[in-house]
Amino acid sequence: MRRVVLAGRGELAEWRDAARAFAAAGILPEEIDWREKGAEADLAFQRDAMPPAPVTARKPMTVPPAFIELAQTVLCHTDPARFSLLYRLLWRLQLDRQLLEVASDEDVAHARLMAKNVRRDAHKMTAFVRFKEVGAVSADRRKFLAWFEPDHHIVRRTAPFFQRRFTDMDWLIATPKGSAAWDGERLTMSDEPCEKPNLTDAADELWRTYYASIFNPARLKLKAMQAEMPKKYWKNLPEADLIPGLIASAESKVRAMAAREATQSLPFHDRLQEAARTIPAAPEAPAGTLEALRAEAAVCTRCPLHAKATQTVFGEGPRDAEVMFVGEQPGDQEDISGRPFVGPAGRLLDQVITDAGIDRSKLYVTNAVKHFKYEPRGKRRIHQKPNMGEVKHCRWWLDLEMALIKPKLVVAMGATALAALTDTKQRLQDVRGKAIAIDERRTLFVTVHPSYLLRIPDERLKADELARFREDMLTIQRLMLAAA
């Protein structure tokens, strides 16, 4: 029996060189004891494990490309049996080239299960790494640190993903199984285990706000949630400390939601007629004021949307605001309350702009369309995107708002707001993050609507888009300072 000791950190070349040497010498799988390097050995190969000279008459072993791909993944697993399993498959493939297609084969099934576990671990790393800001490299480049606890040797395998996604910042991902670092030019790997750092930053509260906004108690399924976000990751996620409370209060929140749905506000016309009969008329506001414009818009019937909406949801903010945020249309909670951006998207927006150092009280917020467009589905009201005809009808009110407020910077959140403000069909991604001069006195800045962030199903994309939205708010803050 020949004992072979490998470092076993997911390197294909290490195992391949050893396997190639033993295969060339005709050493059978059952004649090799594969071990992972530890305290028992300091050498990659023990002295008695070195193979004899190759058998010159022996035909070289070949494998299909699928085996190389499978081996690269399986070698990242932490099971010590992975080395012998792959060497056994190597020998068996010489007799049956289609072996890997036999899903019922015990060796093939074991290897594929290992590969699946490695891929899942890598996916969880891309979803649950949370970077913490630890300093600045330069005026326009910051430095971040993240901690993750993988089950397998996936750091080298997964690091290129973070290099592609976060190439504009310096970062270090530390794990008990090694680390990866990016300095803007070079990706550096280390197999040395790291100790867990103790770090927090302002983004922790943003993650909590975001998670609380997207948590739907009516759709709570504990098993499914723990399958996607296993408990072992919770200790390193800032939003995880909210989960026990959100779960405990889910039942009461569902009952409260049902009660609100059962007492849903009357349609616009019935509510308007009832108010007209019971409420004394308010004093008429002076013409040319924001209050007069709001009162005029309250009885708007310029398009069919008014017929089903509870009420007009007009803009809100100071009369002399230098910055105006324009969204798409009011949502369900805005339609009931009569105020813009008070639902989940509004709460997320408030948190992000606060983190960016923007004073919310100095902003004027409004929507391109002033009535809630929806489709009834049982007791629920499902948001529907307004069409261009409805957007153009409501442009009347948006133009009057801008004429009274006279903002220096207008922020278009979403494609509908962009279309309403520019009368064009530009792709939002083509102009996002850019400051565009509308005229000599006014600048347009384009970003996504916060409700888009709440609807993203993929955790990795959510994290990327949330970080990008935060960067947009920081850019807006700089534009505000420049215009002051």
Side-chain angles (χ1 to χ4, degrees), residues 213 256-257 259-286 289-319 321 324-350 353 360-376 379-386 390-391 393-402 404-405 411 413-414 416-417 420 449-451 454:
S213 298
M257 289 167 62
R260 286 197 301 270
E261 291 171 354
T263 58
Q264 192 176 84
S265 296
L266 296 170
F268 178 83
H269 283 304
D270 292 343
R271 184 177 177 124
L272 184 64
Q273 291 168 4
E274 182 181 348
R277 290 192 300 267
T278 60
I279 301 175
E284 188 172 327
T289 63
L290 197 58
E291 290 72 21
L293 187 61
R294 181 178 289 107
E296 187 180 352
V299 292
C300 174
T301 58
R302 293 177 63 85
C303 76
L305 292 185
H306 74 280
K308 292 174 63 179
T310 303
Q311 58 192 312
T312 302
V313 180
F314 204 67
E316 188 174 270
R319 168 69 174 75
M324 176 186 285
F325 277 64
V326 182
E328 179 188 84
Q329 66 162 343
D332 181 78
Q333 294 185 32
E334 288 81 2
D335 176 68
I336 300 299
S337 68
R339 298 183 59 204
F341 291 94
V342 295
R347 290 192 291 273
L348 178 59
L349 175 64
D350 287 348
I353 62 178
R360 172 69 168 78
S361 66
K362 294 183 179 180
L363 306 178
Y364 187 89
V365 293
T366 189
N367 285 295
V369 174
K370 310 302 185 191
H371 287 115
F372 179 35
K373 183 178 181 180
Y374 64 92
E375 175 186 341
K379 292 183 178 181
R380 299 176 62 201
R381 302 191 297 175
I382 307 301
H383 165 278
Q384 283 191 313
K385 185 177 181 178
E390 292 156 349
V391 172
H393 278 301
C394 238
R395 176 66 185 266
W396 164 269
W397 300 113
L398 185 59
D399 285 343
L400 290 174
E401 283 180 293
M402 293 183 67
L404 282 173
I405 302 298
V411 179
M413 296 188 294
T416 299
H449 197 284
S451 63
L454 300 178

Practice prompt. Could I get the full list of side-chain hydrogen bond (donor to acceptor under 3.5 Å, both in side chains) partners for T416, not counting sequence neighbours?
Written response: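 With neighbours one apart ignored, the set is E328.
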
Worksheet item: Residues in side-chain hydrogen bond (donor to acceptor under 3.5 Å, both in side chains) with Q384, at least two apart?
Response: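 Scan of Q384 (side-chain hydrogen bond (donor to acceptor under 3.5 Å, both in side chains), adjacent residues dropped) gives E375.
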
Worksheet entry | Polar side-chain atom of T312 near backbone of A297 as donor-acceptor pair, under 3.5 Å |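 Yes, the answer is positive, given that a donor and an acceptor are paired below the 3.5 Å cut-off.
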
Worksheet item: Sub-3.5 Å donor-acceptor pair from the side chain of E334 to the main-chain atoms of V342, do we have one?
Response: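 Yes, because the side chain of E334 sits within donor-acceptor range (under 3.5 Å) of the backbone of V342.
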
I need the minimum non-hydrogen distance between [X] and [Y], along with the two atoms involved.
X	Y	result
S213	L454	CB-CD2, 3.8 Å
I405	L290	CD1-CD2, 4.0 Å
Q333	P344	NE2-CD, 3.7 Å
I353	D350	CG1-O, 3.3 Å
L398	A368	CD2-CA, 4.5 Å
N367	P340	ND2-CB, 4.1 Å

Discussion item. Can you confirm whether the side chains of H371 and E390 place a donor and an acceptor under 3.5 Å from each other?
Written reply: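 The answer is no; no qualifying pair exists.
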
Is [Y] close to [X] at the side-chain level, that is, under 4.5 Å between some pair of heavy atoms?
X	Y	answer
H306	H393	no
E296	W397	yes
D332	R380	no
T310	R381	yes

Item to complete: Name the orientation class of the two ring planes belonging to F341 and H449 (parallel below 30°, tilted from 30 to 60°, perpendicular beyond 60°).
Response: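 Because their plane-to-plane angle is under 30°, the rings of F341 and H449 count as parallel.
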
Discussion item. Determine whether M413 and L349 satisfy the following criterion, side-chain contact (heavy atoms from CB on, under 4.5 Å), listing intermediate values before the conclusion.
Written reply: CA-CA 11 Å; M413 296 188 294; L349 175 64; 4.0 Å; yes

Measure the [atom1]-[atom2] distance between [X] and [Y] for me, rounded to the nearest 0.5 Å.
X	Y	atom1	atom2	value
Q329	T366	CD	OG1	12.5 Å
C303	W396	SG	CH2	14.5 Å
H383	S451	NE2	OG	6.5 Å
M324	L363	CE	CG	11.0 Å

Discussion item. The criterion is salt bridge (charged side-chain N to carboxylate O under 4.0 Å, His left out); which residues satisfy it with E316, sequence neighbours excluded?
Written reply: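 R339.
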
Fill in: K308 NZ/CZ over F372 ring centroid, <6.0 Å and within 45° of normal
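So K308 doesn't make the cation-pi contact.
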
Fill in: side-chain contact (heavy atoms from CB on, under 4.5 Å) assessment of R360 paired with V365
CA-CA 9 Å; R360 172 69 168 78; V365 293; 3.7 Å; yes

